[in-house]
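Structure, as structure tokens:
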Number of protein chains: 2
Amino acid sequence: MLRISKLTDYGTIVLALMARDPLEIYSATDIARRINVALPTVGKVLKTLARADIVTATRGSHGGYSLSRLPSTISIAQIIDAIEEQPFGLTECTSIAGLCMQENHCRVRANWMRINQSVRIALENLTLGDLVAETVQSTATQIQKVPLPKIDAQKLEENHEHGCS
Amino acid sequence: MLRISKLTDYGTIVLALMARDPLEIYSATDIARRINVALPTVGKVLKTLARADIVTATRGSHGGYSLSRLPSTISIAQIIDAIEEQPFGLTECTSIAGLCMQENHCRVRANWMRINQSVRIALENLTLGDLVAETVQSTATQIQKVPLPKIDAQKLEENHEHGCS
DNA sequence: ATATATAGGACAATTATAGTCCTATATGGC
DNA sequence: GCCATATAGGACTATAATTGTCCTATATAT
Ligand code: SF4
Ligand code: SF4
């Protein structure tokens, strides 16, 4: 459906809150109260983010989560990768190669890969820092249609066979 | 899950086939056989595309579907809009406003809207023509991070209230 | 010890998607 | 007129993904 999952969305809210004081430690309870999302849900998101080492957990009393890196070094793509269950990909074949039965003779696959790659790069270039920036003065991605350099046909073939994002 | 639905994907395959001879009439049976997808499924896709006036149907014997417009004037965004059930949107609020309970106090919403808009524009600028072009010599979208012009705060507020893609 | 935290995984309910099928209608050729 | 061929529209089932919650184990500060 071309949408990030709600959990990933929550992830961005949670991280956006934490990015306001990047060195602070926040408990799940604390965050849940402040963003108005149920505690178990926030907990799930944070645990997932911790596994991807986007936040660092401190157990025990006075524990909580803190950002592992500075907001400007955490890309939106990394957040999506951490929380989404399926690998990133606009089409089935760009997400997991080998599943689609059309893959061998598909005439749109190579170009879908390019489109996928463009979107992917856009999200890699956007950081948590951008996400929490005041909109009126932030930078953001803008898309331009540009001629692509010729591509080595051999390399393309490789991509087509093993290929993935 | 940040993926177009399989049906939309089939839509691009079907249209890619039709784009090879943009004036030809193709029956669903014919297309199904040539792209190796089950007839009922291809039929469903074509009926949906016909409703969106991307293809034009001719009933009766010797009937079938033909492209309503030239491939270079059919954008990928239009194809997605035609077939996806949910409106286009990377987040819930960019797809359908008013559903998300965080919407009123969400600090990432405005920026998600921008990201959404960027992706949207990229897909509007890509056409069926691009999709069927030989990859080695085609154009495609590439993403650049550029400073955005300052935005009128009043207009932003409007967006925030009624806002949607 | 105990209160406070996270870790990890299991779980059911809901929602979205995929694919098929049935009946109605339109058209061309005989 | 009749029939074969096509699409129109919607109903339907099965599957898959997602959501949100809960339970038990473990770690830490006081
Ligand atoms: S191979 Fe073609 S049909 Fe299969 S997922 Fe990729 S683009 Fe879609
Ligand atoms: S309002 Fe915020 S939380 Fe709700 S969908 Fe939009 S971005 Fe996600």
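Just so it is clear, the structure is predicted and the values come from calculations on it, not from any experiment. Side chains included, hydrogens not; waters and symmetry mates left out as well; all remaining heavy atoms used. Sequence lines set the chain letters: A, B, ... in the order given, protein chains first and strands last, and positions in each chain run from 1.
Within residues 53-61 of chain A, the residues that have a heavy atom under 4.0 Å from DNA chain C are, in order of number, A57(A), T58(A), R59(A), G60(A), S61(A).
The residue G43(A) sits apart from the nucleic acid: no heavy atom pair falls under 4.0 Å. Using a 4.0 Å heavy-atom criterion, one finds that L46(B) contacts no nucleic acid atom at all.
Rounded to whole angstrom, the span from the CD atom of E92(A) across to the P atom of dA16(C) amounts to 20 Å. The distance between atom CE of M101(A) and atom P of dG19(C), rounded to the nearest whole Å, is 8 Å. Distance, Y26(A) OH to dA5(C) C1': 17 Å, rounded to whole Å. A straight line from CE of M1(B) to P of dT19(D) spans 11 Å, rounded to a whole angstrom. To the nearest angstrom, P of dT17(C) lies 13 Å from CG of L2(B). Atom NZ of K44(B) and atom P of dA11(D) are 12 Å apart (whole Å). Here the C1' atom of nucleotide dA18(C) and the CD atom of E85(B) are 10 Å apart, to the nearest Å. In this structure, I25(B) places its CD1 atom 17 Å from P of dT5(D), rounding to the nearest Å.
Residues W112(A) and T94(A) bring no donor and acceptor atom of their side chains to less than 3.5 Å of each other.
Between the side chain of N125(A) and the backbone N or O of A122(A) there is no donor-acceptor pair closer than 3.5 Å. A donor-acceptor pair under 3.5 Å links the side-chain atoms of T48(A) to the main chain of K44(A), judged by distance alone.
A 4.5 Å side-chain heavy-atom check between R107(B) and V132(A) finds every atom pair outside the cut-off. The shortest distance between side-chain heavy atoms of T29(B) and V42(B) does not fall below 4.5 Å. In this structure, S68(B) and T56(B) have side chains that are in contact, with non-hydrogen atoms separated by less than 4.5 Å.
A donor-acceptor contact under 3.5 Å is not formed by the side chain of K6(B) with the base of dG19(C).
Nearest nucleotide to the H62(A) side chain, out of dT17(C), dA6(D), dA29(D): dA29(D). Minimum atom distance to the side chain of S27(B) is reached by dA6(D), of the listed dT18(D), dA8(D), dA6(D).
Phosphate contact (OP1/OP2 of dA18(C), side-chain N/O of T41(B), threshold under 4.0 Å): absent. Note on Y65(A): a side-chain N or O is less than 4.0 Å away from OP1 or OP2 of dA7(C). Within the structure, every side-chain polar atom (N or O) of Y10(B) is placed at least 4.0 Å from both OP1 and OP2 of dA18(C).
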Could you walk me through whether R120(A) and D81(A) pass the salt bridge (Lys or Arg N to Asp or Glu O under 4.0 Å) check? CA-CA 11 Å; R120(A) 170 86 201 180; D81(A) 287 342; 2.7 Å; yes
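Taking the nucleotide of DNA chain C with the nearest heavy atom to each of A28(A) and I4(B), the more 5' of the two is matched to A28(A). Comparing E84(A) and K47(B) along DNA chain D, the residue whose closest nucleotide (by nearest heavy atom) sits nearer the 5' end is K47(B).
Taking CD from E124(A) and CD1 from I80(A), the interatomic distance works out to 10.0 Å, rounded to the nearest 0.5 Å.
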